[in-house]
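Below: one structure, written as structure tokens.
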Amino acid sequence: MIPRLTLTGIRKSFGATRALDGVDLNVQPGEVHAIIGENGAGKSTLMRVLSGAHRPDEGEIRFDGELVDFAGPRDSQSIGIAMIYQELNLAPDLSVCENITLGREPRTSGTTIRRLARGVGWVDRAAERQWATEALQKLNCGHLSLDRQAGELSIAEQQMVEIARAVVTSTNNSSSSLKLLILDEPTSSLTQVDTQRLFDVIERLAADGVSILYISHFLEECERIADRFTVLRDGRTVATGRMPGEHSDQANLPSVTKHTDDERTDVDDANVQSPAVADDDPPTPMDQIIRYMVGRDMSDLYPKFTHTRGEVALEVKQVCSEAGPRSVSFQLHRGEILGIAGLIGAGRTETLRAIFGLDAITDGVVCVAGKPPAPRRPDLSWVRDSMGLVSEDRKNEGLFLDRSLTDNLTITRMDSYRKAGLLDIGAMSRSTQTWMQRLDVKASSAQQPIGELSGGNQQKIALARLLHHDCEILLLDEPTRGIDIGSKGVIYRQIGELAASGKAILLVSSYLPELLGVCDSIGVFSRGVLTDVRETSQWTEHELLTAAIG
Ligand SMILES: Nc1ncnc2c1ncn2[C@@H]1O[C@H](COP(=O)(O)OP(=O)(O)OP(=O)(O)O)[C@@H](O)[C@H]1O
């Protein structure tokens with residue numbers, strides 16, 4: 001079989017940063033292939049090379065056996081490659097139908113008048129609706145109204161509209177039918193139900209011969225959906241093979257290849273197959289895939305720290321806000337990690353925002369360490385109360401993307417670096433380097449603009465700011481979103497150490513294994529109401545999910 005995609009020796013640098021340093025990849029038609037790697041390993045850069053957004057400095061791309069060279073995204077689209085980015089790209093004011101056909105609108109044809117109209121860009125609305133309907137039906141999303149504004153849709157629905165846009169060419173132009181769909185962290189903002197729907201769509205497309213490149217830090221998902229995997233490390237391919245999930249048995253595909261030219265890989269070579277492949281070779285166990293990725297075992301992902309519950313640090317009494325929470329009450333103690341589960345949109349983020357003083361409270365009070373509540377909100381009570389918030393919306397409100405790592409990390413503690421009215425830039429930079437080392441942040445220097453870092457490394461700095469500020473109460477909203485498994489381990493260790501030193505931690509997460517692994521107790525939000533708070537040992541994943549659905 002001619003491979004759908006073959007990459008050989010792809011290299012790409014940004015100034016002194018070598019993002020890709022020799023990537024080899026082989027993907028078959030109809031195969032779901034997971035791209036796995038630590039933060040900064042080069043996954044997104046590689047996908048941008050494939051989507052035509054970046055041109056590689058070196059290396060060869062073959063698509064259906066043909067050598068290709070993309071001058072821009074249109075070249076890549078024209079041969080049937082589509083990329084769905086983590087941050088979705090719809091025009092919010094246009095309808096579902098208009099978004100699906102955007103840039104590929106069917107033109108009128110037939111009569112002279114129509115042909116004239118075509119010259120000035122007259123869109124054939126009937127054909128446009130038919131194309132959009134067919135594309136949505138192909139994804140089993142025929143229920144989505146073509147006339148709804150894209151901005152009104154849920155994240156999951158928006159994602160389906162984007163995939164439908166990728167599919168629309170295939171329905172109408174056989175020369176550029178969809179052949180390779182790239183999904184970058186597609187489930188990071190999806191509920192479990194929506195994730196399953198997405199997987200159904202992926203399976204449907206793969207059965208039609210579309211190849212899928214699936215990037216995710218949720219290895220359980222990769223295991224569920226992918227046939228094969230490739231691990232990138234420091235911009236290089238270090239291993240490729242069969243996934244251990246049920247899919248791997250069905251795929252008539254090569255087994256593990258360890259790329260032995262990678263001298264930096266200190267992983268165990270046992271079980272690694274030679275590049276010669278056999279169809280009946282076994283899948284690669286997940287713990288070995290993790291070793292390829294991070295270079296060590298991850299048996300201690302959730303390290304246990306002895307910590308004792310102290311006095312009440314934060315008391316939330318019957319808090320309501322227009323944004324979501326309805327009469328929310330709980331206590332958070334010093335030395336406690338309280339987890340908050342719930343579906344996306346259940347009111348978890350809004351509760352954190354109300355506690356932190358970002359949103360007005362319409363009823364109820366927030367008391368910190370027995371002090372009287374702040375007279376009004378929004379306000380800056382977080383400063384008085386030594387509270388820190390890691391926002392789930394890193395790009396829009398969590399970070400100053402065009403400022404350096406140092407500025408982002410030290411911004412809340414500038415005063416401590418002031419000497420005789422001047423800022424001690426050297427000391428700020430040294431503090432940043434210390435935190436970069438502790439959280440294993442990959443960046444060229446503390447002065448690099450944070451927007452140039454990979455998503456996971458940006459997230460680590462957002463968290464490091466709170467650690468550096470030495471807050472007493474930490475409100476963490478999806479703090480490990482987009483973070484690789486090795487760095488998750490580092491962050492869980494930090495959280496454990498913070499609790500052991502008497503800090504109070506409120507951890508909102510959609511990743512249930514994380515809540516069960518890290519927290520002392522867990523509460524569940526359902527439709528703006530905190531329904532149930534129990535010791536962690538009294539919850540299972542299934543029970544958490546059932547309580548969240550309500
Ligand atoms: N435009 C850019 N300018 C400078 N450096 C960049 C740019 N884009 C990527 N890099 C660097 O290239 C490296 C690889 O980044 P990339 O985003 O591809 O990693 P990733 O594997 O997708 O990481 P993550 O899992 O955190 O999203 C990183 O060191 C990053 O800082």
Side-chain angles (χ1 to χ4, degrees), residues 7 10-23 25 33-59 73 83-87 182-189 213-219 221-222 229-239 262 264 289-290 292-295 394-395 398-399 401-406 408 432 436-437 439-464 478-491 511:
L7 302 183
I10 299 290
R11 292 191 161 74
K12 174 77 189 168
S13 295
F14 299 99
T17 308
R18 185 160 273 204
L20 301 176
D21 193 18
V23 174
L25 178 67
H33 195 109
I35 304 290
I36 296 172
E38 289 180 289
N39 297 128
K43 303 176 297 293
S44 302
T45 306
L46 182 68
M47 298 311 127
R48 289 200 187 101
V49 163
L50 283 174
S51 69
H54 291 327
R55 214 165 186 170
D57 303 329
E58 280 177 55
M83 165 112 191
I84 311 290
Y85 290 94
Q86 206 175 335
E87 279 89 26
I182 305 169
L183 297 161
D184 191 356
E185 293 278 358
T187 60
S188 59
S189 301
L213 280 177
Y214 190 88
I215 305 179
S216 179
H217 288 296
F218 294 113
L219 300 178
E221 286 181 1
C222 295
F229 68 91
T230 289
V231 177
L232 298 188
R233 202 153 155 226
D234 297 333
R236 290 186 186 189
T237 301
V238 293
D262 179 34
R264 290 166 297 178
I289 296 178
I290 293 170
Y292 286 135
M293 189 176 153
V294 299
R394 181 175 65 225
K395 293 220 151 125
L399 294 171
L401 291 179
D402 52 350
R403 306 303 295 261
S404 68
L405 274 73
T406 300
N408 273 283
T432 310
M436 284 168 70
Q437 262 172 13
L439 296 192
D440 193 21
V441 175
K442 283 203 179 85
S444 57
S445 76
Q447 270 57 58
Q448 188 173 7
I450 202 162
E452 288 182 5
L453 265 57
S454 74
N457 283 299
Q458 291 179 11
Q459 183 69 7
K460 289 182 201 172
I461 293 292
L463 179 66
E478 306 282 1
T480 63
R481 179 180 284 172
I483 286 200
D484 67 58
I485 188 165
S487 302
K488 274 184 183 150
V490 174
I491 287 173
Y511 186 46

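As the structure lists them, so they are numbered: ligands from 1, and atoms in each ligand from 1. All values reported here derive from a predicted model rather than from experimental measurement.
Under a 4.0 Å criterion applied to the non-hydrogen atoms of Leu453, ligand 1 contributes the atoms 31 (O). Below 4.0 Å from some heavy atom of Ala19 lie the following atoms of ligand 1, by number and element: 12 (O), 13 (C). Residue contact check: Thr45 has heavy atoms under 4.0 Å from atoms 9 (C), 14 (C), 15 (O), 16 (P), 18 (O) of ligand 1. Shown in contact with Gly455 at under 4.0 Å from a heavy atom are these atoms of ligand 1, numbered in order with element: 26 (O), 27 (O). Numbered from 1 in the order shown, with element, the atoms of ligand 1 that lie under 4.0 Å from a heavy atom of Glu38 read 21 (O). Atoms of ligand 1 lying under 4.0 Å from at least one heavy atom of Gly456, given by number and element, are 26 (O).
The distance criterion of under 3.5 Å between nitrogen or oxygen atoms is not met by Leu46 with respect to ligand 1. The shortest N or O to N or O distance between Gly37 and ligand 1 is not under 3.5 Å. Close N/O approach between Gly482 and ligand 1 is not found [any backbone or side-chain N/O within under 3.5 Å]. For ligand 1, the polar-atom distance check finds no N/O of Lys442 at less than 3.5 Å from any of the ligand's N/O atoms. Inclusion of Ser44 in the set of residues having an N or O under 3.5 Å from an N or O of ligand 1 is warranted. Backbone and side-chain nitrogen or oxygen atoms of Thr17 are examined, and none is located within less than 3.5 angstrom of a nitrogen or oxygen of ligand 1. Considering backbone and side-chain atoms together, Gly40 places an N or O closer than 3.5 Å to an N or O of ligand 1.
Using a 4.0 angstrom heavy-atom cutoff, Gln458 does not count as in contact with ligand 1.
The side chain to side chain contact (heavy atoms under 4.5 Å, CB included) test with Leu183 is passed by exactly one of Ile84, Leu213, Ile215: Ile84.
Between Arg403 and Asn408, the closest heavy-atom pair is O-ND2, 3.4 Å. The shortest non-hydrogen separation linking Gln459 to Glu478 is NE2-O, 3.4 Å.
A donor-acceptor pair under 3.5 Å links the side-chain atoms of Gln458 to the main chain of Leu453, judged by distance alone. Between the side chain of Lys43 and the main chain of Val231, no donor-acceptor pair closer than 3.5 Å is present. Judged by distance alone, the side chain of Ser404 and the main-chain N or O of Gln447 form no donor-acceptor pair under 3.5 Å.
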Please walk me through it: do Leu25 and Thr237 pass side-chain contact (heavy atoms from CB on, under 4.5 Å)? CA-CA 8 Å; Leu25 178 67; Thr237 301; 5.6 Å; no
* Residues Arg236, Asp21; criterion salt bridge (Lys or Arg N to Asp or Glu O under 4.0 Å); working and verdict -> CA-CA 5 Å; Arg236 290 186 186 189; Asp21 193 18; 3.6 Å; yes
**OP:** Would you sort out whether Val49 and Leu7 count as a side-chain contact (heavy atoms from CB on, under 4.5 Å), showing the intermediate values?
**Re:** CA-CA 11 Å; Val49 163; Leu7 302 183; over 6 Å; no
Q.
One pair to check against side-chain contact (heavy atoms from CB on, under 4.5 Å): Met47 and Asp184. What are the steps and the verdict?
A. CA-CA 8 Å; Met47 298 311 127; Asp184 191 356; 5.5 Å; no
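Among protein heavy atoms, the minimum distance from atom 17 (O) of ligand 1 is reached at Ser454 CB, 3.5 Å. For atom 4 (C) of ligand 1, the closest non-hydrogen atom of the protein is Phe14 CB, 3.4 Å. Protein heavy atom at the shortest distance from atom 31 (O) of ligand 1 is Glu452 O, 3.1 Å.
Remark: Ser216 engages Glu185, Tyr214, Phe218, Glu221, Cys222 in a side chain to side chain contact (heavy atoms under 4.5 Å, CB included) (not counting sequence neighbours).
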